Amino acid sequence: MENQKSFQTNKVLVIGGGVGGIRATLDMAESGRDVVLIDKAHSIGGLMTQLDRTFPTNNCDLCTLSPNLSASGREHRIELMTMTSLTKIEGEAGNFEVTLVTKPRYIDTDKCTACGQCHAKFPECVNFTPGLDHRAPTCMRYPQATPNAFSIDPDKCQDMEAVASVCKDGAVLLDDAVREQKIRVGAVIVAAGAEIFDPAHLDNFGQGAYPDVVTSLEYERILSASGPTNGVLVRPSDKKQPKRIAWIQCVGSRGIQKKAVSYCSNVCCMFAMKEAIVTRERFGDDIETIIFYMDIRAFGKDYEGYFQRAKDEYGVRFVRSRPHSVIPDESTGALVIKYCPEDGTANEEENFDMVVLSTGFRIGKDLRSLAEILDIDLNLHGYAATANLDSIATSRPGIFVCGMFESPKDIPETMVQGSAAASCAMQFAGPLSDADSVADTDLEDENGTWEFAVEDEFPPEINVEGKEAKIGVFICDCGFNIGGILDADALADYSKTLDNVAFSEMIGHGCSSESMQKIQSAIKSENLNRIVIGGCSPRTHETKFQDTIRKAGLNKYLVEMANIRDQNTWVHMDQPEKAMEKARELIRMSVSRVKYSHPLVEYTLPMNRDVLVVGGGVAGMTAALTLADQGFRIFVAERSGQLGGLAAGIKKTIEGEDVSTFITGLIDRVKNHSRIQVMAPCIIVDHEGMPGMFTTGVQTGPQMYYRQISHGITILATGALHNRPDEYLLGKHPAVTTQLEIDTKINDDPDSIKKWDTVAMIQCVGSRTADNPNCSRVCCQAAVKNALSLLDINPELRIFVLYRDIRTYGFQEDYYQEARNRGVVFIRYEDSAKPVVEEDGEGVNIKFCDPVLGRDVILSADCLCLSTGFIADDESTEDLAMIFKLPRTDDGYFLEDHIKLRPVDLPVPGFFVAGTAHAPKNIRESIAQAKAAAGRARTLLARDEINLGAAVARVDGKKCASCLICVRACPYNVPFINADGYSEIDPAKCHGCGICAGECPAKAIQLMQYEDDQIIARLDGLFERMN
Amino acid sequence: MDKFEPVIVAFCCHYCAYTAADMAGSKRIPYPPNVKIVRVPCSGKVDAIHIMKALEKGADGVYVAGCLEGDCHFKKGNLNAAHRVEYVKKLLDETGIGGDRVEMVMMSAGMGEVFAQTATTITEKIRKLGPNPAKFPSNRKAASNE
Amino acid sequence: MITAERKPLEEIIECIRPYDRILLVGCNECVTVCAAGGRKEVGLLASALRMAFMKEGRTLEITELTLERQCDPEYVEELVTMIDAADAVLSMACGCGVQEVARRYKNKPVYPAVNTKFMGASVSQGVWAERCQGCGDCILGLTGGICPVARCSKRLLNGPCGGSTSGKCEISDDVECAWQLIWDRMKELGIQDRYEEVMVAKDWRTSRDGGPRKIVREDLA
């Protein structure tokens, strides 16, 4: 199998540095692959870095995304190439040769410190991470840009040498030129994103012509704290705060005219609601917000609740109408929207101060030519063509796709596909089986450790315990950044006078390899045992200096950084004397604190590489097979006696793919796989341990005997249930059925369908209700699919679909169009006025209010088909949540670690989720998430041991009063009162926030790295010489 | 002493406020040098004692800066911090030092301007309040050496 | 557990005003659990007192120490090495602890820094409520596990009185009627009929009415 496979290269190419590409890159790097990440822009980050806040949590992205980005820059397996495109690809899966062309940046990114001098003197020549934000091309797109460097535009630059002379660091490369290189990769991941529809040519909406008509992304930038108005909401024309703002949905999407595309762009409804909510949150009733929409497509996890909150809590007004045009009133300057309300009675007219166009996505020329170079097929909308049940593989083996280029989608789905693509690509690239690596291989391990983290060799640690602190202070001048404001040499001299400082030196750029060596040799020659770096921010450089001192034999927690640049010289430029004084204080604080630092051990555990998959449906089986094929041993625990899960009841997908054959094939492979052990029926009884070392007790076999499984990773794919609410005579009248049952009937009994005259369908039965508030996501397309199949069998059939919002997102919209074209009648009903169903002999009568006629209508149907959707398997998720200590959503689905950025990881490390146990989704989406779960699991499985970090809380049992305050205060429920009667905090589970330490009334808890004595010492350092 | 320059200690959480401070740096937005930052992983780590000790040792004002409500990297540490700051305010009122010398502020990592503005506002406020009444030259040494 | 609350700072300051050197003693039992007198509160009070004195231009020397349990002589003995260096002791323990320190160190003034409140349980983080009055003759077995002595404002043994409205006591909407709780619980247990049984007058001699009490376990004593 895979572990015997000999790879020809360990390298994978990722095209596109948006969140999907970054996710795939990080996953592969963590799994031991070398990754080349290329992006045609100056810095990575893609579209997401421009968002102010994201739905449905309304969190600020920057805080959550930036660690991902800097992780990309740090990982030594990743080669980041910005301003680079692919021009050619030859060879085949496992052994491609790709040609990459890099445009000249004229800046050496290794030397550039982003000091801004060149930009200050020659603003027109220098780009600092420009990009999509056309409003502020020279401002920082976001401060944590990776790479953190400028670039120069040679066309606008008259005198490059003059620019070069400004740079104190010699980072300007005058003779930089286009570089071309060929590299060998085993697989390619295309994460190239999509383009945003430009509505400027739509004369009816006047974007571009009227300054106060903006796109949703432009509005996002206006809201953003780092945007062109610094977060002040003013309209572009007169810089006044608007009072009434309208959003117009589906601009350029779901249309047939004016260059619109037919598909739904998937995210615009949520995007518009988020903008409206954020606006209402900030301005309350000062700003009215109105959204003009066709259908509200809030089909994602917990999105329906967001829609309800927008309406009910935030007072966002929703108007179901597609306005024709926006016309400015010449006299008042107001933007007038004329529209026809749903009842079609009269034209309404309303005035607005600002209009936001919700523009969707499309594939432009660049992406089409990229596809041509890659020689992959595109679908009729120009997106990468993929198989019906495999959204990751393109038409060319070895080339995978993720994110928007596959179809329009939101961030969590992009993240899922990123991890899934990583998982797929790793089948074609891996460590070479050369002599060196064999020597490292743990031969005892039957799973085969065919990859190893490339760890630097570290010397043994010098024992500093009980020795007096001998502190070395190193001051960076960081070129002009620090040295230009204060006298760095004098600061180094001053540092020498401080207690316990044995050595002090000014070292220029502390982060250059030359300076790093200086620090290391000083540690050795002067026997230093604590280090203070006066320089930039520990946020960006602490790991680097930790590495430096570790290589010189010191524990990495014995270094401390004083931030005398970002938080001193950069902000006190106009007061150099004060900056010097503050620098002395900051150094004193650090020197005083570092005395109390002590070596810390990072917690590690040996990794058990077996995997437990709970649930034997499509998601569980896919995850199991993906990992088993890669050489891991899998236990599949299935509650029922049979594999297959929910999808076993489905015959065909809307695209016509034969699901039954697919499932049978999957079951066969799982049952016959040498590395998969299926336990069915099987129930989970108990569970303990930590990631890499779990023990789960199960009852299985015909006698339900108890046994224990040891495993390192757990994947939960326990699925959801078909909902069967007691409504509309379901189960009480033979003519009333569900979409799932009719799917079977279409296949098994087409003759009876031929006799029918009328079929009615009711959507949202048991979904979007008080009991089950979320949208079940799949029912709209199921209704459309079945309606089309019914018409195939009986073309004369009259079909009526009673719906609340049709949610055929993405390319499913085409099938909705087709159904309407073929005569299926779609009629809306309000949740407050549900249809009423009565028995009528062999058929049923359905009474409902027609919104256009405004009166009640009675429809007689031979068959009433209810779209009942999903309901969480509350009973089993409740049990499992209790046994595994996992959180659930209010409606009983497992709650992921981060709803936006970590949709596959569960909050308990070592746990991953896939399929409908996470939220309602279709088969294709479940399969993608299963592959993603396998991919995320791989990042842990690649390790020999698990590093749990050192910033964990420790309890002094002697001081602990077992008061339970920490138990109650911990946001992760980690502390517990142990058998000895005092609080215990498992370092494997501690997240290191220190809230328990802050609350403990007995002062029995200390957070490592931030112990109380260290914090007090910092204050002592600050105040000791102040008078 | 010609003009009173307050010393202000700001306990900043790593994920939001400290990042916002760095961001103010990246954007070169000036604020008074009176503010000295102590980095903590989460504002919820800041013990009431730390705030008291800072004042006792000679700070004229202290503030704790965490993430925006709902955005705490550790779910709700910023709320714990806000409650503790309230508690310390009352204790300081009782002590006669004045609870208005301490503050809780919240900001996101992207809010460099807000960081700078907060630092400026608080510095101005403390400047108006005058020196911490618990610090006078003859007692200073005793306090910082214990 | 025994619950307590810190006294107003002003009152504490007045007590110790005559002294320059204070030994501030906390207790790691009940008062730690109810966040009134553990190591953390000792630190906070010490800091606050130092500042209050500094404000008046005085230097107060405070030694902080938290004993495992201030109501046991062995633990209180630990103060012996530092008692001479102090002019007075300020105790953050409950009244039992304060008295134990006073008994052991006869020539040192001892002042309480907390008001001892009641025997109670924690309702939720940071909230404690009275549950027991130590009457010496427990009747919880008769009242469905809810004590009318501690939780009925009138200590009625045969309640409720006419002041019980919608489950709340007439003294405040925040106070639940103990007899309503007793009724609810009995119903839950299916023993409503016992509610009708009249409880005879209680012999309060087992309580404080019989004078200060003492327990002697002869096998241990």
Side-chain angles (χ1 to χ4, degrees), chain A residues 52 57-64 66 114 116 140 142-144 224-226 230-231 537-540 563 565-568 570-575 578-579 581-582 585-586 589 951 969 971-972 991-995 997-999 1003 1007 1009-1010 1012 1015-1016 1018-1020 1022-1024 1026-1027, chain B residues 7 9 11 14-16 18-19 21-42 44-50 53-54 57-59 67-68 70-77 80-81 84 108-114 116 135 137 140-141 143-145:
Chain A
D52 176 42
T57 51
N58 289 359
N59 280 352
C60 149
D61 286 323
L62 223 48
C63 331
T64 31
S66 52
M140 273 182 270
Y142 55 98
Q144 299 93 330
S224 172
S226 53
N230 286 331
S537 175
R539 277 180 45 252
T540 51
N563 190 339
R565 187 188 75 174
D566 305 43
Q567 296 177 0
N568 187 32
W570 275 359
V571 287
H572 310 313
M573 280 177 166
D574 50 340
Q575 296 169 283
K578 292 275 173 64
E581 192 188 323
K582 183 168 163 183
E585 288 163 0
L586 294 176
M589 289 166 78
Y972 305 97
H991 290 230
C993 62
I995 293 172
E999 293 277 325
K1003 303 282 352 135
L1007 180 69
Q1009 277 188 276
Y1010 298 94
D1012 288 326
I1015 290 180
I1016 301 297
R1018 232 181 254 280
L1019 298 172
D1020 283 335
L1022 172 60
F1023 292 110
E1024 69 188 2
M1026 258 195 169
N1027 37 335
Chain B
V7 184
V9 174
F11 292 99
H14 176 86
Y15 288 93
C16 287
Y18 193 90
T19 307
D22 278 356
M23 172 118 157
S26 307
K27 289 190 160 184
R28 313 296 195 273
I29 311 166
Y31 55 85
N34 307 54
V35 173
K36 328 287 171 189
I37 294 174
V38 175
R39 183 168 66 123
V40 285
C42 174
K45 166 72 184 76
V46 181
D47 195 318
I49 293 181
H50 300 153
K53 284 281 176 194
K57 286 175 190 299
C67 305
L68 293 174
D71 283 7
C72 175
H73 189 83
F74 299 105
K75 296 185 183 178
K76 48 161 202 180
N80 293 50
R84 273 178 230 151
S108 81
M111 295 178 166
E113 287 86 357
V114 174
K135 89 178 165 180
R140 168 61 64 66
K141 213 160 163 57
S144 59
N145 285 349

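Quantities reported herein were computed from a predicted structural model and do not represent experimental measurements. Residue numbering restarts at 1 for every chain, and letters A, B, ... go by the order of the sequence lines. Note: hydrogens, waters and symmetry copies are ignored here, and every other heavy atom, side chains too, is used.
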Does any backbone or side-chain atom of B:A59 lie under 4.5 Å from a heavy atom of chain A? Answer side chain, backbone, both or neither. both
With a 4.5 Å limit on heavy-atom distance, are the side chains of B:I29 and A:V571 in contact? no
Ionic contact status for B:K57 with A:E1024, cut-off 4.0 Å: no
Please tell me if the side chains of B:M23 and A:D566 come closer than 4.5 Å, counting only heavy atoms from C-beta onward. no
B:R39, part contacting chain A, at a heavy-atom distance under 4.5 Å: both
Can you name the closest pair of heavy atoms from B:P33 and A:K582 and give their distance? O-CD, 3.4 Å
B:V9, part contacting chain A, at a heavy-atom distance under 4.5 Å: side chain
Chain A interface, residue from B:H50, B:H14, B:K76 that has the most non-hydrogen pairs under 4.5 Å: B:H50
Is the shortest side-chain N to carboxylate O distance from B:K45 to A:D1012 below 4.0 Å? yes
Given that the side chain runs from C-beta out, which part of A:E999 has a heavy atom under 4.5 Å from chain B: side chain, backbone, both or neither? both
Measure distances from A:H572 to the heavy atoms of chain B and classify the residue's part below 4.5 Å as side chain, backbone, both or neither. side chain
Do the side chains of A:F1023 and B:K36 get nearer than 4.5 Å, heavy atoms only? no
Quick one: pull up CG in A:L1007 and SG in B:C42 and give me the separation to the nearest 0.5 Å. 10.0 Å
Sort A:Q567 into side chain, backbone, both or neither according to what part of it lies under 4.5 angstrom from a heavy atom of chain B. both
Counting C-beta onward and ignoring hydrogens, is there a side-chain heavy-atom pair between A:I1015 and B:V40 closer than 4.5 Å? yes
Note: B:F74 and A:Y972 closest approach over all heavy atoms is CA-OH, 3.4 Å
Can you name the nearest heavy-atom pair linking A:C993 to B:P41, along with the distance? O-CG, 3.7 Å
Chain A heavy atoms under 4.5 Å from B:Y18: which part of the residue, side chain, backbone, both or neither? both
Residue from A:D574, A:L586, A:N563 scoring the most non-hydrogen pairs under 4.5 Å with chain B is A:N563
The interface call for B:V35 against chain A, heavy-atom contacts under 4.5 Å, is backbone
Of all the heavy-atom pairs spanning B:I37 and A:M589, show the shortest one and how long it is. O-CE, 4.0 Å
